[in-house]
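Computed over heavy atoms, backbone and side chain alike; hydrogens, waters and symmetry mates excluded. Whatever order the structure lists ligands and atoms in, that order sets their numbers, starting from 1.
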Amino acid sequence: MSETATDNDFSIELFPPKGPKGEARLDEALADLGALNPAFFSVTFGAGGTTRSGTLDTVKKTMQATGRPAAPHLSCIEGTRDSIGDLLDNYKAAGVDRIVALRGDLPEGMDQPGVFNYANELVTFIKERHGDDFHLEVGAYPEFHPAAPSPKDDVDNFVRKVQAGADSAITQYFYNADAYFNFVDEVEARGVDIPIVPGIMPITDFGQVSRFSAMCGADIPRWVRQKMEGYGDDKASVRAFGRELVYNLCEQLLAGGAPGLHFYALNKAEPTTTLWQDLKLPTTASSAA
Ligand SMILES: Cc1cc2nc3c(=O)[nH]c(=O)nc-3n(C[C@H](O)[C@H](O)[C@H](O)COP(=O)(O)OP(=O)(O)OC[C@H]3O[C@@H](n4cnc5c(N)ncnc54)[C@H](O)[C@@H]3O)c2cc1C
């Protein structure tokens, strides 16, 4: 086992499935991912309100199927103070003790989010209403949020979320470890001392990762893109190179002091379980910080 791994927290992100096939795929994934005993699962919340109940249902299902905690993502898109407050009450009643508080991405045609414009306002609201009932996670962007006017503004805005009461952060995925270490150094110099856990996107389908990256601003290094594109339809080579690349990234992050890893599993078990085993991460239950 990697020595740095034992004291850290490792978590896994899922999304609410659509339709019977999606449900079946999630059930299958939960059986394998639950066996890893992650510190917690998290479940995304789709913009536009389409999966608000889907997130709650998937959180409940995940906790029941795996016996592990599950944290719903909650965004500022749509909703009133009352409706967001009701949702928080429902989460509390369902035994949820962690929330990933986000601004969310605006659906096309929507200029303004709902009652809160930015995640720091949502964090403030949750803290005011629920005190320390929930451990609050927020998003972090080592390669900067694509809409931020400047890196400095983005760091200022991250610090604002921490000052509002965030307990820890999960990053957007990235493939440059230096971007993460630089970000952590910069915010620590600003007095931030909460854990900032790298978000890890396994690569098994390069086309898909490439599309996601174009949307969220994650940089794919040129040499990686060239190699991946050079493999063309050779899926085995894409997977083998992706596995090695992401393994090396995780090793580097843990060796450099990252407080854990958060895997974007996309409701598939295999890429995450493979990395988990390659990295020799613990499979006995630990509690998240
Ligand atoms: C771990 C993780 C999980 C995610 N899960 C989901 C999900 O489930 N559903 C979903 O829709 N999206 C999700 N996203 C994407 C996220 O919603 C988008 O990246 C969104 O555009 C920003 O969300 P945020 O909470 O980081 O926003 P914020 O921290 O509010 O930042 C948004 C932008 O506004 C700027 N900003 C922040 N605060 C202020 C302020 N007070 N004044 C002026 N400017 C400000 C920031 O610099 C940034 O450019 C996730 C992202 C991450 C990292």
Which of parallel (below 30°), tilted (30 to 60°) and perpendicular (above 60°) describes Trp223 and Phe241?
perpendicular

If we set the cut-off at 4.0 Å for heavy atoms, which region of [X] has an atom near ligand 1: side chain, backbone, both, or neither?
X      : result
Ser75  : neither
Val138 : neither
Tyr264 : side chain
Arg103 : both
Lys161 : side chain
Phe158 : neither

Min N/O separation [X] to ligand 1 under 3.5 Å:
X      : result
Tyr141 : yes
Gly46  : no
Leu102 : no

Check Arg239 with Glu270, please: is the shortest side-chain N to carboxylate O separation under 4.0 Å?
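Yes, Glu270 and Arg239 are salt-bridged.
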
Does Glu23 pair with Lys18 as a salt bridge, N-O distance under 4.0 Å?
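Salt bridge absent between Glu23 and Lys18.
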
Around [X], counting heavy atoms of other residues, nucleotides and ligands shown, do more than 12 lie under 6.0 Å from its [atom1]?
X      : atom1 : answer
Asp185 : CG    : yes
Glu28  : CD    : no
Lys127 : NZ    : yes

Quick check on contacts: which atoms of ligand 1 are under 4.0 angstrom from a heavy atom of [X]?
X      : result
Ala148 : 47 (O), 49 (O)
His145 : 19 (O), 20 (C), 21 (O), 22 (C), 33 (C), 48 (C), 49 (O)
Thr44  : 8 (O)
Asp154 : 46 (C), 47 (O), 48 (C), 49 (O)
Arg160 : 40 (C), 41 (N)
Gln172 : 53 (C)
Ile170 : 1 (C), 53 (C)
Ala147 : 49 (O)

Taking a cutoff of less than 4.0 Å between a non-hydrogen atom of the residue and any ligand atom, is Val100 in contact with ligand 1?
no

Sub-4.0 Å heavy-atom contact, Phe144 with ligand 1
no

When you look at Ser75 and Arg103, which way does the side-chain hydrogen bond (donor to acceptor under 3.5 Å, both in side chains) test go after all the steps?
CA-CA 5 Å; Ser75 86; Arg103 201 279 305 274; over 6 Å; no

Following the transitive rule for hydrophobic clusters with a side-chain heavy-atom cut-off under 4.5 Å over Ile, Leu, Val, Met, Phe, Trp and Tyr, establish whether Met228 and Tyr247 coincide in one cluster.
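Yes, it is one cluster - the side chains of Met228 and Tyr247 are joined through contacts under 4.5 Å.
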
Phe263-Phe10 aromatic ring centre distance below 6.0 Å:
no

From CA spacing to verdict: salt bridge (charged side-chain N to carboxylate O under 4.0 Å, His left out), Lys268, Asp205
CA-CA 12 Å; Lys268 285 190 204 139; Asp205 174 345; over 6 Å; no

side-chain contact (heavy atoms from CB on, under 4.5 Å) with Tyr231: of Lys235, Lys227, Glu229, only one passes, and it is Lys227

Applying salt bridge (charged side-chain N to carboxylate O under 4.0 Å, His left out) to Lys152 and not counting sequence neighbours gives Asp156

Which is closest to atom 40 (C) of ligand 1 by heavy-atom distance: Tyr118, Phe45, Phe15, Phe116?
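Comparing heavy atoms across Tyr118, Phe45, Phe15, Phe116, the nearest one to atom 40 (C) of ligand 1 lies in Tyr118.
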
